Amino acid sequence: RKTKTLENGTLRVFLVAKVVVNGEMIEYYDISGCYILRPWAMSIWEIMQTFFDAEIKKMKIKNCYFPLFVSSGVLQKEKDHIEGFAPEVAWVTKSGESELEMPIAIRPTSETVMYPYFSKWIRGHRDLPLRLNQWCNVVRWEFSNPTPFIRSREFLWQEGHTAFATKEEADTEVLEILELYRRIYEEFLAVPVIKGKKSEHEKFAGGLYTTTVEAFVPNTGRGVQGATSHCLGQNFAKMFEINFENEKGEKCMVWQNSWAYTTRTIGVMVMVHGDDKGLVLPPKVASVQVIVIPVPYKDANTQGIFDACAATVKTLNEAGFRAEADYRDNYSPGWKYSHWEMKGVPLRIEIGPKDLANNQVRAVRRDNSAKSDIQMASLVEGVKEMLDNVQQSLFDAAKQKRDACIQVVNTWEEFAEALGQKKMILAPWCDEEEVEKDVKARTKGEMGAAKSLCTPFDQPELPEGTLCFASGTPAKKWTYWGRSY
Ligand SMILES: O=C1CCCN[C@@H]1CCCn1cnc2cc(F)c(Cl)cc2c1=O
Ligand SMILES: [Mg+2]
């Protein structure tokens, strides 16, 4: 029974749930699949948002806000790609006691909300490029096991929607945005990702191609789509008649992109870095980077210890670090150590009588529990060095663990074995959609089927005559496969 529980979705959910509730990131809500984002999680979202918003503003992308509601006529406009999604659309059918004439959908994504207005606003080439972004929530009434951050019925995201005169401009922007997503994962969340292209089967059906940053969770052996940047081609331009008159007076359709990252990023970070003491926050996204804890000993100069704690917080705050002290007199230092470890604060500073006497502080890293004494005179340099080390070693450790999970295979037998060992599998593939569906069918089961995760831009050498691991026909590319969230 235990093993069974271990394998299926429940434990996966449980692991994340326990850590994010105990770490005070999430509170469960009385509607299934919906979660309360407490300040400890919201602050991480805000730190990433501050970075990403500033970067897209440098790219002359402007923020806007479109309505939450989509009329059913407009939503159904794009019937081919939504038919697969229809079951997850949430509808408003009443106001008070009275039925609405027409049911109104809550946006699951905003193409159909925005693009009729793109068509109205874009007339001539001088109206291009049109580059808009919105920070908002979306609702998708999913039925598979809901998990905080990873799969919820409402989540926060940014959705970028851009229109260009040429395909070249669109292609360029797709990769500029994808690089920002890589930076969010690798520079802020300390999570290694692989940049690549989604297969025809896995891409956004309404688009031309989908690029992605793929993360991997070694503990569960599952890949997770970290963020996506799609080139839509002219598909939506055709559907919504988004045309412009070019310099020669010819009527042309625009080339479009759309791109998003979501609060799922936080869940990936929690799963990659969390340990059995709870959350482990990378300093770049920690709302409290340093927690200062007074360790009074009987009546030995307690006021002096408290003053030293206050001075430490003040000095660190003035140097730009997010530091706080925990003066609560109803909790012991030991209780406080485990409390702040559970919340994942990257660095703890203890100040006791001995530290006071030696005019130093005792600093303890959350990631590896390493202790070091820092002279008060060099407090800022010492703390900066430790926090930078924590950030880098969290990334290095996650990359080392992720790389250890990557298995290169050439045959189906090797593939099946690696899948059983919860690996992220790099295999030569013939790039046939039928074969991809066949891999899914052949690996169906309790743990979920294997799927293609991405074809990495960084392609290893593919020797002439290499055969596809699944079909045995000539391989065209190396592709990552695995189970996923
Ligand atoms: O991933 C992004 C980046 C930001 C803007 N959107 C695209 C594509 C979204 C796909 N997608 C994803 N989920 C959906 C769920 C739905 F219920 C409906 Cl009606 C449509 C969709 C849907 O189109
Ligand atoms: Mg979905």
Side-chain angles (χ1 to χ4, degrees), residues 13-31 33-53 135 137 146-152 154-158 184-185 187-191 215 217 219 224 226 261-293 313 316-317 320-328 330-331 333 335-349 364-367 369 383 387 390-391 394 398:
V13 177
F14 176 71
L15 273 188
V16 174
K18 185 167 171 289
V19 161
V20 298
V21 169
N22 291 350
E24 299 176 322
M25 280 192 167
I26 287 274
E27 184 66 63
Y28 271 66
Y29 189 59
D30 77 335
I31 297 171
C34 297
Y35 307 95
I36 297 162
L37 292 182
R38 302 180 67 184
W40 204 244
M42 199 59 201
S43 56
I44 296 175
W45 182 247
E46 289 179 331
I47 288 170
M48 293 189 287
Q49 177 175 29
T50 301
F51 162 74
F52 189 80
D53 204 56
W135 294 93
N137 63 333
T147 311
F149 298 117
I150 297 297
R151 189 183 300 280
S152 52
E154 175 189 12
F155 55 86
L156 304 182
W157 73 352
Q158 54 66 221
I184 282 178
Y185 274 99
E187 294 176 12
F188 285 81
L189 300 173
V191 170
V217 183
N219 305 3
V224 52
Y261 79 94
T262 77
T263 35
R264 167 179 279 200
T265 48
I266 300 171
V268 174
M269 181 272 290
V270 165
M271 291 195 290
V272 165
H273 299 307
D275 64 14
D276 49 15
K277 289 194 285 190
L279 293 170
V280 179
L281 301 184
K284 282 268 178 47
V285 294
S287 61
V288 174
Q289 295 168 315
V290 184
I291 187 73
V292 179
I293 296 177
V313 168
L316 291 175
N317 286 343
F321 293 105
R322 298 184 286 271
E324 285 182 15
D326 184 346
Y327 296 112
R328 290 176 291 181
N330 55 330
Y331 293 111
W335 184 92
K336 294 177 184 178
Y337 296 170
S338 56
H339 172 74
W340 294 103
E341 282 168 353
M342 198 182 303
K343 287 177 70 74
V345 172
L347 198 60
R348 169 175 83 230
I349 280 184
V364 185
R365 284 173 52 154
R366 169 66 179 86
D367 62 325
S369 305
V383 164
L387 288 175
V390 171
Q391 184 78 30
L394 280 176

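These figures come from a predicted structure and were not determined experimentally.
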Would you say [X]'s side chain and [Y]'s backbone share a donor-acceptor pair under 3.5 angstrom?
X	Y	result
K336	R328	yes
H273	A190	yes
Q391	K284	yes
Y185	A215	no
N317	A323	yes
S152	P148	no

Which pair of non-hydrogen atoms, one from [X] and one from [Y], has the smallest distance, and what is that distance?
X	Y	result
L281	A286	CB-CB, 4.0 Å
G226	T265	O-CG2, 4.2 Å
M269	P282	SD-CD, 3.7 Å
S287	W40	OG-CZ3, 3.2 Å

- Checking R264 against F155: charged group under 6.0 Å from the ring centre and within 45 degrees of the axis?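 R264 over F155 ring: no.
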Problem set entry | Check ion pair K343-E24 (N to O, under 4.0 angstrom) |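 Looking at K343 and E24, the cut-off is met.
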- [ ] Inspect the contact between D275 and R366 and indicate whether a charged nitrogen and a carboxylate oxygen are less than 4.0 angstrom apart.
- [x]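 Yes.
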Note to self: Check this for me: Y29, atom OH, are more than 12 non-hydrogen atoms of other residues, nucleotides or ligands nearer than 6.0 Å?
What the structure shows: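 Incorrect, the count does not exceed 12.
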- Before giving the answer on side chain to side chain contact (heavy atoms under 4.5 Å, CB included), spell out for M271 and V224 the whole-Å C-alpha distance, their side-chain angles and the decisive distance to 0.1 Å. CA-CA 11 Å; M271 291 195 290; V224 52; 5.6 Å; no
**Study point:** side chain to side chain donor-acceptor pair (under 3.5 Å) against W335, all qualifying residues, sequence neighbours excluded
**Key:**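 For W335, no residue satisfies side chain to side chain donor-acceptor pair (under 3.5 Å) once neighbours in sequence are set aside.
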Report task. Determine, stepwise, if the pair R348 / I293 fulfils side chain to side chain contact (heavy atoms under 4.5 Å, CB included). Result -> CA-CA 7 Å; R348 169 175 83 230; I293 296 177; 3.8 Å; yes
In the structure I gave you, are the side-chain heavy atoms of [X] and [Y] within less than 4.5 Å of one another anywhere?
X	Y	answer
I266	L37	no
Q158	F52	yes
I44	M25	yes
Y35	V20	no
S369	K277	yes

Could you walk me through whether L189 and I184 pass the side chain to side chain contact (heavy atoms under 4.5 Å, CB included) check? CA-CA 6 Å; L189 300 173; I184 282 178; 4.2 Å; yes
ask   = What do the steps show when you test L347 against R365 for side chain to side chain contact (heavy atoms under 4.5 Å, CB included), and what is the final call?
value = CA-CA 5 Å; L347 198 60; R365 284 173 52 154; 4.1 Å; yes
Hey, could you give me the CE/OG1 distance between M42 and T263, rounded to the nearest 0.5 Å?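 It comes to 9.0 Å.
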**Asked** Atom CD1 in I150, atom OG1 in T262: separation rounded to 0.5 Å?
**Response**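 Separation between the atoms: 8.0 Å.
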Q: Describe, in one word, how the ring planes of W45 and Y261 are oriented to each other, choosing from parallel (under 30°), tilted (30 to 60°) and perpendicular (over 60°).
A: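 W45 vs Y261 ring planes: tilted.
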